[in-house]
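In the text below, chain A, chain B and the rest are named by the order of the sequence lines, each starting its count at 1.
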Protein chains: 2
Amino acid sequence: MNENAPKPPLGLALRHAHIRAARVFTEELRSLGLENVVAGILIHLGHLGPQTQRQLIDMLNSDKSAMVRYVDTLEQRGLVRREPHPTDRRAQWIVLTEAGQVMLAEVHRAADRGEERLTTCFTPSERELFHELLVRFARG
Amino acid sequence: MNENAPKPPLGLALRHAHIRAARVFTEELRSLGLENVVAGILIHLGHLGPQTQRQLIDMLNSDKSAMVRYVDTLEQRGLVRREPHPTDRRAQWIVLTEAGQVMLAEVHRAADRGEERLTTCFTPSERELFHELLVRFARG
DNA sequence: TATTGTTATACTCTATAACTATA
DNA sequence: TATAGTTATAGAGTATAACAATA
């Protein structure tokens, strides 16, 4: 029909971009035995310090029942601890263990390798710009 | 731990961006009764003309069994026809019907409304730039 | 021998609701 | 009355393998 091939719409491009990136990060994280989202939790805990599960849910666009399972797997592997929350006795205070901090450093290296592989199509300044625009878009 | 809040890593930002956009497009497409991926198939058929299911699978990062169901629903709603492929008798030639072309126009309007809502955080030139970088990133 | 499409199956993810203990 | 977390369950989405027809 159309002889000129137009740019894919924003939504489809985002879908492709996310799928491609998720595959690359899955590969990079495989040797650590971590799922992408679980690795994301470690990164958030590293950035923000101890969080409640509710805070992690908001941060990762997840939901309550999924978060319970994610934290379970992290706790079983000794990477986080559930501690009583200092002011809210309903809440769990999710804290990185020493092993978790060691693992977090590995996760950051894996994420860096992944970003490197994913952004060979960009110049360094384009890469920086893309990242900045993407963060703004994600926040809305 | 860290007092300065660093930019979320690329992968997490992509996850957020995709989830946010998918929600907006789902809302915009609701009145048409179409899922996001199914609407994406219509868009591709409009851009590229009749395609085999295999081509649609590659285009949408889907898989064979899912594509059968997607095309089933499109065919049941009278938006596409399965025709014999002109040169490959194994393949199905997926063709937009007249009703499908009418619906496609609606889909494009819905997508435009969605993009409008999603990119209020950008200036027009930033929006254009983001779209272009995103397409390049998605292609790798 | 490989590929297109179909079907069936299993597995994962997500969404939802009920429940407790706290606020 | 509302919220944090847990648990159970159902639904959607995805992945896999077997199959028939054709390349």
Measure the distance from [atom1] on [X] to [atom2] on [N] and round it to the nearest whole Å.
{"X": "A:Arg89", "N": "D:dA4", "atom1": "CZ", "atom2": "P", "answer": "16 Å"}
{"X": "B:Arg82", "N": "C:dT6", "atom1": "CZ", "atom2": "P", "answer": "4 Å"}
{"X": "A:Glu83", "N": "D:dG5", "atom1": "CD", "atom2": "C1'", "answer": "17 Å"}
{"X": "B:Ile57", "N": "D:dA15", "atom1": "CD1", "atom2": "P", "answer": "12 Å"}
{"X": "A:Asp63", "N": "C:dT14", "atom1": "CG", "atom2": "P", "answer": "7 Å"}
{"X": "A:Glu35", "N": "C:dC11", "atom1": "CD", "atom2": "P", "answer": "16 Å"}
{"X": "A:Ile19", "N": "D:dG13", "atom1": "CD1", "atom2": "P", "answer": "14 Å"}
{"X": "A:Gln55", "N": "D:dA4", "atom1": "CD", "atom2": "C1'", "answer": "11 Å"}

Taking 4.0 Å as the cut-off, does a side-chain nitrogen or oxygen of A:Tyr70 come that near to OP1 or OP2 on C:dT14?
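So the side-chain polar atoms of A:Tyr70 do come within 4.0 Å of the phosphate oxygens OP1 or OP2 of C:dT14, strictly under.
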Along DNA chain C (nearest heavy atom to each residue), the more 5'-positioned of A:Lys64 and A:Thr87
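Counting from the 5' end, the first nearest nucleotide belongs to A:Lys64.
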Would you mind classifying the nucleic acid contact of B:Ala91 as base, sugar-phosphate or nothing, using non-hydrogen atoms under 4.0 angstrom?
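Answer is sugar-phosphate: B:Ala91 comes under 4.0 Å of backbone atoms only.
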At under 4.0 Å between heavy atoms, what does A:Ser62 touch on the DNA or RNA strands: base, sugar-phosphate, or nothing?
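Since no nucleic acid heavy atom lies under 4.0 Å of A:Ser62, the category is nothing.
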Looking at [options], which one has an atom nearest to any side-chain atom of [X]?
{"X": "B:Asp88", "options": "D:dA23, D:dA4, C:dT14", "result": "D:dA23"}
{"X": "B:Gln92", "options": "D:dA4, C:dG5, C:dA8", "result": "C:dG5"}
{"X": "A:Ser65", "options": "C:dG5, C:dT16, D:dG5", "result": "C:dT16"}
{"X": "A:Thr52", "options": "D:dG5, C:dG5, D:dT7", "result": "D:dG5"}

In Å and rounded to the nearest 0.5 Å, what is the CE to CE distance from A:Met67 to A:Met59?
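These two atoms lie 9.5 Å from each other.
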Between A:Asn36 and A:Ala22, is there a donor-acceptor pair closer than 3.5 Å when you use the side chain of the first and the backbone of the second?
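Pair found, side chain donor or acceptor close to backbone of A:Ala22.
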In terms of the nearest nucleotide of DNA chain D, which residue is placed more toward the 5' end: A:Arg90 or A:Met67?
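Counting from the 5' end, the first nearest nucleotide belongs to A:Arg90.
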Salt bridge (charged side-chain N to carboxylate O under 4.0 Å, His left out) evaluation trace for B:Arg109 with B:Glu106:
CA-CA 5 Å; B:Arg109 277 192 284 278; B:Glu106 297 280 352; 3.5 Å; yes
ILVMFWY cluster, B:Val38 and B:Ile57 together (side-chain gap under 4.5 Å):
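Yes; B:Ile57 is reachable from B:Val38 via cluster members.
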Could you tell me which residues satisfy ring pair (Phe, Tyr, Trp, His ring centres under 6.0 Å) with A:His16, sequence neighbours excluded, listed by chain and number?
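With neighbours one apart ignored, the set is empty.
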